[in-house]
Amino acid sequence: MYEFLSSLIQRHELLKSLPDEWVYLVGMLIFAGIVLTFASLFAGITSYVERRIAGRMMSRIGPNRVGPHGFLQWLADGIKTFQKEDIIPAQADRALFRFAPYIVFAGFFASFVVLPFSSALIISDLNVGLIYIFAVTSFVVVGILMAGWASNNKWSLFGGMRSAAQIVSYEIPEGLAALPIIFLAGTLSTQGIIQAQGWAPWDWFIFHNPFTFIAFFIFYITLLAEGNRAPFDIPEAESELVSGYNTEYSGMRFLLFFFAEWGNLWVMGAIMTIMFLGGWQSPFHFDNALLTHLIELLIFTAKTSVIIFITIQLRWTLPRVRVDQLMNVCWKYLVPFSFVNLFGVAIWMLVFPNGFAPMSYLMTLLGVLILGIFIRRVIYNLKQAHVEIHVNPLI
Amino acid sequence: MALNHYFNNIVTATTSIFEGMSITFSHLLRKPVTIQYPDRVEKPVQEMLPARYRGILDLDINLCTACTACQRACPIDCIHIDEVKVDKTYIIVPETGRKVAKIKSPAVFNINIAKCMYCGLCTEACSTSAIKHTPKFEMSTDNLNNLILRFVPPEESERLKAEEPEVIKRAEERKAAEAAARAAAKAAEKKSPPDPE
């Protein structure tokens with residue numbers, strides 16, 4: 001967006017007369033506002049969509065009363081929570097307690113800086129993009145630990161400590177699973193990684209070779225753990241810790257935690273799309289720049305939505321893991337496998353410096369095969385149940 | 001073997017997550033079982049209930065013989081009956097077609113439905129199936145007194161109580177007349193001894 005502002009300054013006399021810094025500041029604030037609006041709308045609407053999906057997965061309906069088909073439920077819930085009193089426990093550490101939600105929110109929101117929406121729509125294409133994302137998302141753990149500590153409540157402290165242990169451990173396989181992609185792309189910038197891929201599935205990094213295929217799953221699992229999503233939501237395990245680190249929060253501060261949790265879904269989906277699924281790469285190229293970017297935006301959103309849907313489905317499929325199981329999965333399974341992957345990709349790149357196209361086609365075929373088996377299993381389960389089919393999502 | 005166990009774990013985790021996700025996805029395509037009571041139901045909920053559903057009690061006052069069997073059967077004493085004598089009539093139990101003499105009728109028949117626990121013992125005790133469970137279940141109210149079901153209206157109750165002495169007198173008269181008739185018949189029997197044959 002820096003280039004966009006520079007070209008604006010070049011073109012308009014009025015902006016030229018102003019100091020450059022001011023124009024950049026105001027421009028960036030406007031962009032931040034746009035992204036914040038997007039993130040708020042996304043977080044709100046996702047909370048509604050998730051509840052509807054969860055309902056259908058449990059043979060329930062979900063919220064369908066507020067607005068058309070319950071679509072305004074998220075707004076009603078948000079406004080209601082917003083109006084509640086902001087209670088601070090008497091024994092709490094007031095300053096830290098008040099400050100913690102902002103850190104969590106900042107950690108989640110800052111990652112939007114390098115998340116692209118199309119080949120031009122990006123706040124800033126940092127050349128350390130991925131490292132920047134890992135850095136700011138681990139900022140969240142500071143906020144969660146701060147919230148847990150400042151609440152002066154045993155459950156909250158447990159939640160905060162668990163979150164710290166979880167995020168710190170999972171950062172190792174996360175980084176190791178991201179390295180193969182960085183090797184292949186030769187860059188850390190998010191736009192650079194997308195440009196290294198193509199529009200077709202066999203050009204995506206997920207199907208590049210068997211090692212990146214495994215890296216996809218390792219990275220996805222670590223992202224789930226980083227985002228405190230089920231089945232790794234032990235920091236706020238309802239059945240054990242009441243609500244974990246946010247037990248004592250109410251009102252707007254409580255809302256901020258949930259805002260970050262649901263907004264994080266987009267961040268997760270976008271990172272997966274950027275690194276493994278070809279980002280905004282589209283097969284269509286038009287002379288009209290607006291149309292091209294719109295198509296790219298749609299493709300990016302569609303891919304991200306698929307990942308978000310799988311994340312939601314996983315939450316309502318799997319039970320929560322225990323703390324020791326969580327550590328087992330990380331240290332005994334993910335870390336060794338991500339090391340193997342790393343060496344595998346390195347050797348692969350030595351043997352096939354320009355890639356090996358037949359393997360990509362084969363891996364794509366494997367992906368299609370897995371999808372086919374999945375669809376077959378779904379049909380089998382439906383037939384076994386002898387139930388009425390109701391495909392329409394609205395009821 | 002430990003290594004075998006290690007890889008088995010991975011296979012189990014992968015396949016079970018895959019299978020679990022196929023099941024949850026198949027649920028997405030199923031019809032929800034939720035009944036959106038009360039305003040978005042296809043037909044009234046009363047019609048969806050099973051035939052022997054134990055809802056709020058109802059009494060057919062014409063069938064009731066005021067035998068107080070239900071009152072005695074009730075474990076929490078929520079039925080209150082005052083019986084009065086009435087002119088003898090015969091009723092036919094609809095379910096069995098049995099003919100039953102009715103010489104008493106309830107002057108007061110109150111059921112405190114707030115206390116009722118819907119055990120169904122009163123309906124089992126009733127010999128004429130006058131007291132019955134209905135599929136009705138919506139009776140929420142803001143006053144506890146509204147939950148006392150009064151099956152005999154007060155004016156009817158007073159009328160029955162006022163008429164009772166007359167009914168008794170009539171019954172006694174009829175009894176006396178019957179007794180006199182029987183005595184007369186006996187006397188006539190004595191007067192004319194049986195034929196010598």
Side-chain angles (χ1 to χ4, degrees), chain A residues 52-65 69-70 214 217-218 220-221 224 231 309-319 321 325 328-329 332-334 336-337 340 370-395, chain B residues 1-56 118 133-143 146-147:
Chain A
R52 286 306 292 262
I53 293 175
R56 286 301 297 274
M57 279 180 186
M58 298 172 174
S59 289
R60 294 187 286 113
I61 293 173
N64 68 343
R65 297 286 167 141
H69 292 288
I214 296 170
F217 292 102
I218 295 177
Y220 185 60
I221 293 168
L224 283 179
F309 176 80
I310 293 172
T311 313
I312 290 173
Q313 197 193 343
L314 265 178
R315 175 171 177 188
W316 300 99
T317 304
L318 300 178
V321 295
Q325 291 169 335
N328 264 349
V329 170
K332 286 191 187 164
Y333 293 89
L334 296 184
F337 268 88
V340 170
I370 291 175
L371 198 68
I373 295 172
F374 183 76
I375 293 170
R376 266 197 65 178
R377 288 306 294 177
V378 169
I379 292 170
Y380 171 81
N381 281 320
L382 272 179
K383 275 191 183 157
Q384 284 288 304
H386 300 294
V387 285
E388 225 174 309
I389 308 282
H390 183 93
V391 182
N392 184 3
L394 303 170
I395 186 167
Chain B
M1 211 185 123
L3 200 66
N4 214 348
H5 183 67
Y6 180 84
F7 284 106
N8 266 345
N9 270 351
I10 296 173
V11 173
T12 315
T14 319
T15 49
S16 59
I17 289 172
F18 186 81
E19 188 59 28
M21 287 186 75
S22 80
I23 289 172
T24 43
F25 198 91
S26 83
H27 271 268
L28 268 186
L29 306 174
R30 296 180 194 187
K31 196 164 190 269
V33 295
T34 310
I35 294 167
Q36 298 193 64
Y37 176 80
D39 57 335
R40 289 193 199 165
V41 283
E42 290 139 27
K43 54 182 180 179
V45 175
Q46 270 91 343
E47 290 171 24
M48 297 185 214
L49 295 172
R52 294 169 65 86
Y53 183 80
R54 295 208 289 246
I56 285 163
Y118 305 96
H133 281 293
T134 59
K136 229 172 81 181
F137 58 88
E138 299 154 306
M139 241 188 110
S140 54
T141 170
D142 53 2
N143 189 351
N146 294 346
L147 288 177

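Since this is a predicted model, take the numbers as computed values, not measurements. Naming convention: chains lettered A, B, ... in sequence-line order (proteins, then strands); numbering from 1 in each chain.
- With a 4.5 angstrom heavy-atom cutoff, A/Ile375 does not touch chain B via any of its atoms.
- Between the side chain of A/Gln313 and the main chain of B/Thr24, no donor-acceptor pair closer than 3.5 Å is present.
- Using a 4.5 Å cut-off between heavy atoms, A/Pro319 makes no contact with chain B at all.
- Two residues are said to be in side-chain contact when any heavy atoms from C-beta on lie closer than 4.5 Å; A/Asn64 and B/Gln36 meet this criterion.
- Residue with the most contacts toward chain B among A/Phe217, A/Trp316, A/Phe337: A/Phe337 (heavy-atom pairs, distance under 4.5 Å).
- When all heavy atoms of B/Ser22 and A/Asn381 are compared, the pair lying nearest together is OG-ND2, 2.9 Å.
- Taking all atoms of both residues into account, the shortest heavy-atom contact from A/Lys332 to B/Tyr6 is O-OH, 2.6 Å.
- A search for side chain to side chain contact (heavy atoms under 4.5 Å, CB included) contacts involving B/Tyr53 returns B/Leu49, B/Pro50, B/Phe137, not counting sequence neighbours.
- Both the backbone and the side chain of A/Ile373 come within contact range of chain B, each with at least one heavy atom under 4.5 Å from a heavy atom of that chain.
- If you tally non-hydrogen atom pairs under 4.5 Å between each of A/Leu314, A/Ile53, A/Thr317, A/Ile310 and chain B, the highest count goes to A/Thr317.
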With a cut-off of 3.5 Å and sequence neighbours excluded, list every side-chain donor-acceptor pair involving residues 54-62 of chain A.
from, atom 1, to, atom 2, distance (Å)
A/Arg56, NH1, A/Asn392, O, 3.1
A/Arg56, NH2, A/His390, O, 2.7
A/Arg56, NH2, B/Leu28, O, 2.9
A/Arg56, NH2, B/Arg30, O, 2.7
A/Ser59, OG, B/His27, ND1, 3.4

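- Atom CZ of B/Phe25 sits about 5.0 Å away from atom CZ of A/Phe309, to the nearest 0.5 Å.
- Heavy atoms from other residues, nucleotides or ligands lying under 6.0 Å from OH of A/Tyr380 number 12 at most.
- Taking a 6.0 Å sphere around CD of B/Glu42, one finds it holds 12 or fewer heavy atoms contributed by other residues, nucleotides or ligands.
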